[in-house]
Amino acid sequence: MNLLKTLAGISSMTLLSRLTGLLRESLFARAFGASAYTDAFIVAFRLPNLLRRLFAEGAFSQAFVPILSEYKNGKGEEATRSLADHVATALVWATVATSLVGIVATPWLLKLIANGLDAEPDAYASAIWMTRLMFPYIACMAFVALAGGVLNTWRQFKMVAFTPVLLNLALISGSLFAAQFPDWTRAHIGNPIYVQAIAVMVGGVLQVGLQLPALARIGMLPRLSLNPFAGLRDPGVRRVLKKMGPAVFAVSAAQISLLINTAIATSLGAGAISALIYADRLMEFPNGMLGVALGTILLPSLSKANLDGDAREYSDLLNWGLRLTFLLALPAALGLALLAMPLIATLFNYGAFDQHATAAATAPLIAYSAGLIGIILIKILAPAYYARQDVRTPVRIATLSLVATQLLNLVLVPRMGVAGLALSISLAACLNAALLFNGLRRRGIYAADRGWGVFGFRLVCALAVMAAVAWLALHYIDWAALQRHKWLRLGALLGAIGVCAASYFAVLVGLGMRVGDFRRIAR
């Protein structure tokens, strides 16, 4: 498998997902702005979304994919299918039960994570209604995560990368509908923001529906049992649960930290959560295209190299992933920092999203850019532990980093407000990545190949030129005057990004770097 070609394919699907995600956020900002009600929706979606990460994308994926890869490569088709059936049954029933408990406990849960919404009783009531409606979303996403793990093990990456587009399309449709028919929405649904909660559930069902034919084509469509405890006698299921234990602790700590951040943001005034989320969406653009895509590709390949006992291949895969990360993440972080205001203004500064909201979201975006390299490196380095079925080490490191996040919040938030929350996350992510890297080096799992010095020199030169171009674009284009000309402003932004990218890669090519340097075939 050509890893660079596969990465390009996944990134193209992720690009589509991120572009529709940006359109989703832009239309959401235009329709609803930054208010107590948008905060209510974000808080309402956060609870099921956090549990989705716990049950589906976080602890489960880290434990399931390496063991599934082991079964596929060593135990045969029937044993692999049986493992998938039993794990799917346990996961889906666990998330269904959690959804029911969550629906009942919603008022108490919101008291814990968003007590600042109490200042707006109507918004708080809306948050309760929307949280209850969206709680079953985690059951949909649990199945999608299981399907994604299976498809990735079979190296069917593009379908998994495309799936989030369906949620974005559902939310885009919801924003357009609410903006086009506000009177009908108020008369038949209530607050227009409720349309977004309904759209989340529609998007969850659509994502499940997309996975079913893909699983059927490879003969791995899970057969769910009506008995939620079926399959627990399967030693493979018990191994997955055992590996999930420490991972659940780490993901739980992460979610607790995120809930604390949410609670802090609600105390910073109406619109604070929205400003943080809009900045987060832009930061997630390069993170998804590079970090998530690389992690998705590397985990099955690293698992196979580990099973084959090929230490050289293992280290070479990491070298390839690290070089691509520095090559693409550093200019992305620099661009986000220097062009933060034009990016926020061009994408969101319409309708109810005013100049004040633009300024509020710009500061946390700059703060997030400081930690983008760390956030992406975690996606590359953590799979190096998971592929060896070592979940405990990244768990301990993640827990330490999360404690660091909250200690930094105590120092930074009083001085910087919402931007302090983003900077705390960024600095802690860099600490996390540094500790993961040091652990791999210390254990002899990773050894740097030759050429890193020359590679670093080329990057520094290219980044310096790009920084100069971005600075000129920021200071010599009158972005405020372009507010009345949205298409001209969009053209100016795209032009600035294009010139920055062209200057960066032109310097790299001029210094001798070639695309062929990054081609790699996985065994």
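Only heavy atoms go into these numbers, but all of them, side chains included; no hydrogens, no water, no symmetry mates.
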Enquirer: Just to verify, which of Thr405, Leu412, Val413 counts as forming a side chain to side chain contact (heavy atoms under 4.5 Å, CB included) with Leu421?
Expert: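 Running side chain to side chain contact (heavy atoms under 4.5 Å, CB included) over Thr405, Leu412, Val413 with Leu421 returns exactly one hit, Val413.
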
Enquirer: Applying side chain to side chain contact (heavy atoms under 4.5 Å, CB included), run through Leu423 and Leu427 and close with a yes or a no.
Expert: CA-CA 6 Å; Leu423 186 58; Leu427 295 177; 4.1 Å; yes

Enquirer: Any idea which heavy atoms bring Ala142 and Leu91 closest together, and the distance?
Expert: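 Nearest pair, atom of Ala142 first, then Leu91: O-CD2, 3.3 Å.
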
Enquirer: Would you say the ring centers of Phe437 and Tyr446 fall short of 6.0 Å from each other?
Expert: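 Ring centres of Tyr446 and Phe437 closer than 6.0 Å.
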
Enquirer: Which value, rounded to the nearest 0.5 Å, describes the distance between Glu77 atom CD and Lys72 atom NZ?
Expert: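 That separation rounds to 10.0 Å.
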
Enquirer: Do the side chain of Ser401 and the main chain of Ala429 share a donor and acceptor less than 3.5 angstrom apart?
Expert: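 No.
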
Enquirer: Taking C-beta and beyond as the side chain, do Tyr504 and Leu459 meet within less than 4.5 Å on heavy atoms?
Expert: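 The answer is yes, as the side chains (C-beta and beyond) meet within the 4.5 Å cut-off.
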
Enquirer: Would you say the side chain of Gln211 lies within less than 4.5 Å of the side chain of Leu146, judging by non-hydrogen atoms?
Expert: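 SC-SC contact between Leu146 and Gln211 ruled out.
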
Enquirer: Please answer whether the main-chain N or O of Ile67 pairs with a side-chain N or O of Arg239 as donor and acceptor at a distance below 3.5 Å.
Expert: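 Here the side-chain-to-backbone pair does not exist.
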
Enquirer: Can you find a heavy atom in the side chain of Thr89 that is under 4.5 Å from one in the side chain of Asp85?
Expert: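 Result no, sub-4.5 Å side-chain heavy-atom pair not found.
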
Enquirer: Could you check if a side-chain atom of Leu508 sits within less than 4.5 angstrom of a side-chain atom of Phe505, using non-hydrogen atoms only?
Expert: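 A side-chain contact exists here, since the closest heavy-atom pair is under 4.5 Å.
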
Enquirer: How close do Ala448 and Asn319 get, counting heavy atoms only, and between which atoms?
Expert: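 Closest approach of Ala448 to Asn319: CA-OD1, 3.7 Å.
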
Enquirer: Looking at Leu431 and Ala404, what are the two nearest heavy atoms and their distance?
Expert: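 Where Leu431 meets Ala404 most closely, the heavy atoms are CD2-CB, 4.0 Å.
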
Enquirer: What's the separation between atom CH2 in Trp93 and atom CG in Asn227, rounded to the nearest 0.5 Å?
Expert: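 Spacing of CH2 (Trp93) from CG (Asn227) equals 9.0 Å.
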
Enquirer: Please lay out, stage by stage, how Met159 and Arg217 fare under the test side chain to side chain contact (heavy atoms under 4.5 Å, CB included).
Expert: CA-CA 12 Å; Met159 176 67 72; Arg217 280 195 296 271; 3.8 Å; yes

Enquirer: Indicate the atoms forming the closest heavy-atom contact of Ser99 with Ile138, along with that distance.
Expert: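 Reported closest heavy-atom pair: OG-CG1, 3.3 Å.
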
Enquirer: Are the side chains of Arg388 and Tyr314 in contact, using a 4.5 Å heavy-atom criterion?
Expert: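 Yes - at least one pair of side-chain heavy atoms lies under 4.5 Å apart.
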
Enquirer: Can any side-chain N or O of Ser69 pair as donor or acceptor with the backbone N or O of Thr153 at less than 3.5 Å?
Expert: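 Side chain of Ser69 to backbone of Thr153, a donor-acceptor pair under 3.5 Å: no, none is there.
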
Enquirer: Is a side-chain N or O of Arg81 found less than 3.5 angstrom from the main chain of Met220, in a donor-acceptor match?
Expert: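 Looks like no, no N/O pair under 3.5 Å.
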
Enquirer: Both conditions, 6.0 Å and 45 degrees, for the charged tip of Arg323 above the ring of Trp452: are they met here?
Expert: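 Cation-pi check for Arg323 and Trp452: passes.
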
Enquirer: Using ring-ring contact (aromatic ring centres under 6.0 Å, His included), reason through Tyr137 and Phe45 one step at a time and then give a plain yes or no.
Expert: CA-CA 9 Å; Tyr137 177 74; Phe45 189 34; 5.6 Å; yes

Enquirer: Counting N and O atoms only, with roles assigned by atom type, does the side chain of Ser82 sit under 3.5 Å from a partner on the main chain of Glu78, one being a donor and the other an acceptor?
Expert: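 No, Ser82 side chain to Glu78 backbone: no donor-acceptor pair under 3.5 Å.
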
Enquirer: When rounded to the nearest 0.5 angstrom, what is the spacing between SG in Cys500 and CG in Leu339?
Expert: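 Answer for the SG-CG pair, Cys500 versus Leu339, is 5.5 Å.
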
Enquirer: Should Ile373 and Phe326 be marked as a side chain to side chain contact (heavy atoms under 4.5 Å, CB included) after you check the CA-CA gap, both sets of side-chain angles, and the distance that decides it?
Expert: CA-CA 7 Å; Ile373 185 69; Phe326 282 100; 4.0 Å; yes

Enquirer: Just how far is it from atom CD1 of Ile264 to atom OG of Ser424, taken to the nearest 0.5 Å?
Expert: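 Interatomic distance, Ile264 CD1 to Ser424 OG, rounded to 0.5 Å: 8.0 Å.
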
Enquirer: Does a salt bridge link Arg312 with Asp316, judged by any charged N lying under 4.0 Å from a carboxylate O?
Expert: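 Counted as a salt bridge, because a side-chain N and a carboxylate O are separated by less than 4.0 Å.
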
Enquirer: Please tell me if the side chains of Leu215 and Phe143 come closer than 4.5 Å, counting only heavy atoms from C-beta onward.
Expert: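 Result yes, sub-4.5 Å side-chain heavy-atom pair found.
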
Enquirer: Quick one: does any side-chain atom of Thr80 pair with a main-chain N or O of Tyr71 as donor and acceptor, under 3.5 Å?
Expert: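 Yes; judged by distance alone, with no hydrogens or angles, the pair exists.
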
Enquirer: Rounded to the nearest 0.5 Å, how far apart are CG of Leu435 and CZ of Arg442?
Expert: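 The CZ atom of Arg442 is 9.0 Å from CG of Leu435, to the nearest 0.5 Å.
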
Enquirer: Within this structure, what is the CD1-CG distance for the pair Ile378 and Leu381, rounded to the nearest 0.5 Å?
Expert: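 These two atoms lie 8.5 Å from each other.
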
Enquirer: Kindly give the heavy-atom pair with the smallest separation between Ala329 and Ile376, and that separation in Å.
Expert: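 Residues Ala329 and Ile376, closest heavy atoms: CB-CD1, 3.7 Å.
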
Enquirer: Counting only N and O atoms by type, is there a donor-acceptor contact under 3.5 Å from the side chain of Asn432 to the main-chain atoms of Ala428?
Expert: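 Checked: no pair found.
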
Enquirer: Please find the pair of heavy atoms, one from Leu206 and one from Leu166, that lie closest to each other, and give the distance.
Expert: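 Smallest interatomic distance, heavy atoms only, reads O-CD1, 3.5 Å.
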
Enquirer: Can any side-chain N or O of Asn168 pair as donor or acceptor with the backbone N or O of Leu19 at less than 3.5 Å?
Expert: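 No; zero donor-acceptor contacts below 3.5 Å.
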
Enquirer: Is there side-chain contact between Val165 and Phe162, with at least one heavy-atom pair below 4.5 Å?
Expert: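 Yes, side chains in contact.
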
Enquirer: Side chains of Thr393 and Arg396: closer than 4.5 Å at any heavy-atom pair?
Expert: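 They are in side-chain contact.
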
Enquirer: Less than 4.0 Å between a side-chain N and a carboxylate O, is that true for Asp390 and Arg443?
Expert: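 The answer is yes: the pair qualifies as a salt bridge.
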
Enquirer: Could you walk me through whether Asn409 and Gln406 pass side chain to side chain contact (heavy atoms under 4.5 Å, CB included), step by step?
Expert: CA-CA 5 Å; Asn409 279 339; Gln406 297 311 320; 3.1 Å; yes

